[in-house]
*Asks:* 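Below is one structure. I have some questions about it.
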Amino acid sequence: MRVVQWSTGNVGRHALAGMAARPDLELAGVWVSSEAKAGKDAGELAGLGRSLGVSATTDADALIALKPDCVLYTAMADDRLVEAVEDLKRFLRAGINVVSSSPVFLQYPEGVVPPEMIEPIREAAREGGASLWVNGIDPGFANDWLPLVLTGVCERIDEVRCMEILDYSTYDQGKVLFDIMGFGREMDDLPLLLQPGVLSLAWGSVVRQLAAGLDVELDAVEEVYERLPAPETFEIASGTIKEGTAAALRFEVRGMRGGRAVCVLEHITRLRGDLGPDWPQPSGQGCYRVKVTGEPNYELDLRLVGEDGDHNTAGLKATAMRLVNAIPAVVAAPPGLLTALDLPLVTGRGLVSP
């Protein structure tokens, strides 16, 4: 299958490496947003130390004209939702299937955004006879198939809680950390992520998809958060966190039924391991945790460590490979806006020698 990689940032470069490892996928093209990257070989952009024989370009029209089987879209959408959705509709109308890490509300949009926001995407898919699937590690695998599989060995389920417990100090993406999540900003300065309704827009899809997978109808979705300040000034990969500014964040998006939470997405994000000592602690360097309360009770930790020893690298790789490995299933699926509930269990390619 011929695939075009759309952007080569933190996730995109790992997607390039992942496609290079799959003989059933052919890299047909690479789109980049800057002239500084244009003309560079995809292997260089992926950090592979070898050529992949495909040069990056800023010419979107030329890549669409290639009519690939799929576009793997990892361009930033957090601060450009309208533009990102227009990109996706353009690919679909051209008959090109899409796997994407954003916009995240498209993971399972029912009940998250008004139907009038979704219908143009579905219309574009019908027009082009193509499919779109948005996923990753979170929102994605850590809170769709992972918890749903675990519930398969339950007699009774009272609550399903999906948690991300990570130290983001090595996550080198200043726009996300400072501008969107509000780290390093004054405690009374409310960032984009914590504006009313934004948490539910970003992760409401998680709790609603879990509920749908468990055949539960939610009454409402609620959101709560707590922030902690830096006890002194310190440095992280993306910059300086000054004393007294935001340095830790805990939030929940709760799917409510009968006055209690039944499906919960919880994030505990620290920029230093000693912050919020009374908050849940990770297993290993960092983990995704699924807690099923019922009969019996389960607690499952998915630890992350990349080859470089860093858990944030592993998270980026996991998001990329969730998309790469799903390409054959998405291409084979009927046209439309797909969710994890629509696809078969997506696996990797098995044991592969170096």
Side-chain angles (χ1 to χ4, degrees), residues 1-22 25-48 51-94 96-107 121 130 132-140 171-177 179-180 202 238 312-313 315-327 330:
M1 297 179 183
R2 299 170 62 249
V3 184
V4 165
Q5 173 59 41
W6 210 271
S7 91
T8 59
N10 279 339
V11 174
R13 58 190 177 87
H14 290 295
L16 284 172
M19 281 189 276
R22 289 193 60 134
L25 300 179
E26 174 189 343
L27 183 63
V30 178
W31 181 87
V32 290
S33 60
S34 70
E35 291 295 340
K37 289 184 177 180
K40 291 188 176 181
D41 186 85
E44 179 184 354
L45 294 173
L48 295 178
S51 172
L52 293 180
V54 177
S55 297
T57 180
T58 58
D59 190 341
D61 293 336
L63 293 175
I64 292 172
L66 294 175
K67 296 190 178 298
D69 297 292
C70 189
V71 163
L72 201 161
Y73 187 86
T74 57
M76 170 75 78
D78 293 352
D79 58 350
R80 48 180 295 277
L81 284 177
V82 173
E83 295 90 339
V85 169
E86 288 303 314
D87 287 343
L88 299 179
K89 289 193 295 185
R90 184 182 182 191
F91 303 142
L92 293 171
R93 284 194 295 266
I96 303 170
N97 300 285
V98 187
V99 294
S100 176
S101 57
S102 58
V104 293
F105 67 85
L106 290 175
Q107 177 194 0
I121 299 174
L132 166 65
W133 189 63
V134 176
N135 212 265
I137 184 69
D138 183 341
Y171 182 50
D172 193 6
Q173 177 38 285
K175 177 178 282 292
V176 171
L177 291 179
D179 299 341
I180 295 173
S238 294
N312 284 312
T313 300
L316 295 169
K317 177 69 74 173
T319 290
M321 293 314 302
R322 178 72 159 151
L323 300 174
V324 170
N325 290 331
I327 289 173
V330 172

*Asks:* Which pair of non-hydrogen atoms, one from S102 and one from L88, has the smallest distance, and what is that distance?
*Replies:*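 Looking at all heavy atoms of both residues, the closest pair is O-CD1, 4.0 Å.
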*Asks:* Would you say K37 and T8 are linked by a side-chain donor-acceptor pair, where the criterion is simply a distance under 3.5 Å?
*Replies:*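 Note: T8 and K37 side chains meet the donor-acceptor criterion.
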*Asks:* Taking M1's backbone N and O only, do any of them form a donor-acceptor pair with D69's side chain (distance below 3.5 Å, no angle check)?
*Replies:*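 Looks like no, no N/O pair under 3.5 Å.
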*Asks:* Given 3.5 Å as the limit, does a donor-acceptor pair link the side chain of S100 with the main chain of V134, or not?
*Replies:*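 Between the backbone of V134 and the side chain of S100 there is no qualifying donor-acceptor contact (under 3.5 Å).
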*Asks:* Look at the side chain of R90 and the backbone N and O of V85, then say whether any donor-acceptor pair between them is shorter than 3.5 Å.
*Replies:*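 No.
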*Asks:* Work out which heavy atom in N10 is nearest to a heavy atom in D172; give both atom names and the distance.
*Replies:*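 Shortest heavy-atom separation between N10 and D172 comes out as ND2-O, 3.7 Å.
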*Asks:* Closest heavy-atom contact between L323 and S101?
*Replies:*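 Smallest interatomic distance, heavy atoms only, reads CD1-N, 3.6 Å.
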*Asks:* Mind checking what makes side-chain hydrogen bond (donor to acceptor under 3.5 Å, both in side chains) contact with D138, not counting sequence neighbours?
*Replies:*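 Listed in chain order: N143, W203, H267.
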*Asks:* How far apart are the closest heavy atoms of T58 and V32, and which atoms are they?
*Replies:*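 T58 and V32 have their closest heavy atoms at CG2-O, 3.3 Å.
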*Asks:* With the side chain counted from C-beta on, respond yes when H14 and T313 share a heavy-atom pair under 4.5 Å apart, and no when they do not.
*Replies:*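 A side-chain contact under 4.5 Å exists here.
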*Asks:* Can I121 and L132 be said to form a side-chain contact (heavy atoms from CB on, under 4.5 Å), step by step?
*Replies:* CA-CA 9 Å; I121 299 174; L132 166 65; 3.9 Å; yes
*Asks:* Between the main-chain N or O of M76 and the side-chain N or O of R80, is there a donor-acceptor pair closer than 3.5 Å?
*Replies:*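 Here the side-chain-to-backbone pair exists.
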*Asks:* Could you state the interatomic distance from OH (Y171) to CG (L316), rounded to the nearest 0.5 Å?
*Replies:*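 Spacing of OH (Y171) from CG (L316) equals 5.5 Å.
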*Asks:* Yes or no on side-chain contact (heavy atoms from CB on, under 4.5 Å) for I96 and I64, after CA distance, side-chain angles and deciding distance?
*Replies:* CA-CA 8 Å; I96 303 170; I64 292 172; 4.2 Å; yes
*Asks:* Would Q107 and N135 count as a side-chain contact (heavy atoms from CB on, under 4.5 Å) here? Give the steps.
*Replies:* CA-CA 6 Å; Q107 177 194 0; N135 212 265; 4.0 Å; yes
*Asks:* Rounded to the nearest 0.5 Å, what's the gap from CG on L72 to CG on N97? Could you check?
*Replies:*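 So the gap between those two atoms works out to 12.0 Å.
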*Asks:* Could you check whether any side-chain N or O of Q5 sits under 3.5 Å from a backbone N or O of S7, counting only pairs where one atom can act as donor and the other as acceptor?
*Replies:*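 The answer is yes, because a donor-acceptor pair under 3.5 Å joins these two groups.
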*Asks:* Less than 4.5 Å apart, side chain to side chain, heavy atoms only: is that true for S238 and L177?
*Replies:*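 Of all side-chain heavy-atom pairs linking L177 with S238, at least one is under 4.5 Å.
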*Asks:* Considering all heavy atoms of both residues, which atom of V4 and which atom of L63 are nearest to each other, and what is their separation?
*Replies:*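 Here V4 and L63 meet closest at CG1-CD1, 4.1 Å.
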*Asks:* Under a 3.5 Å cutoff, is there a donor and acceptor pairing between the side chains of S51 and D41?
*Replies:*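 Short answer, yes.
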*Asks:* Once rounded to the nearest 0.5 Å, what's the spacing between atom CG of L27 and atom CZ of R2?
*Replies:*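 Reported to 0.5 Å precision, the distance equals 10.5 Å.
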*Asks:* Determine whether a donor-acceptor pair (N or O, by modelled atom type, separation under 3.5 Å) exists between the side chain of Q173 and the backbone of K175.
*Replies:*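 Between the backbone of K175 and the side chain of Q173 there is a qualifying donor-acceptor contact (under 3.5 Å).
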*Asks:* For A202 versus V104, what's the shortest heavy-atom pair and its separation?
*Replies:*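 The answer is O-CG2, 3.5 Å.
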*Asks:* Start with the C-alpha distance between V176 and D179, add both sets of side-chain angles, then the distance that settles side-chain contact (heavy atoms from CB on, under 4.5 Å), and finish with yes or no.
*Replies:* CA-CA 6 Å; V176 171; D179 299 341; over 6 Å; no
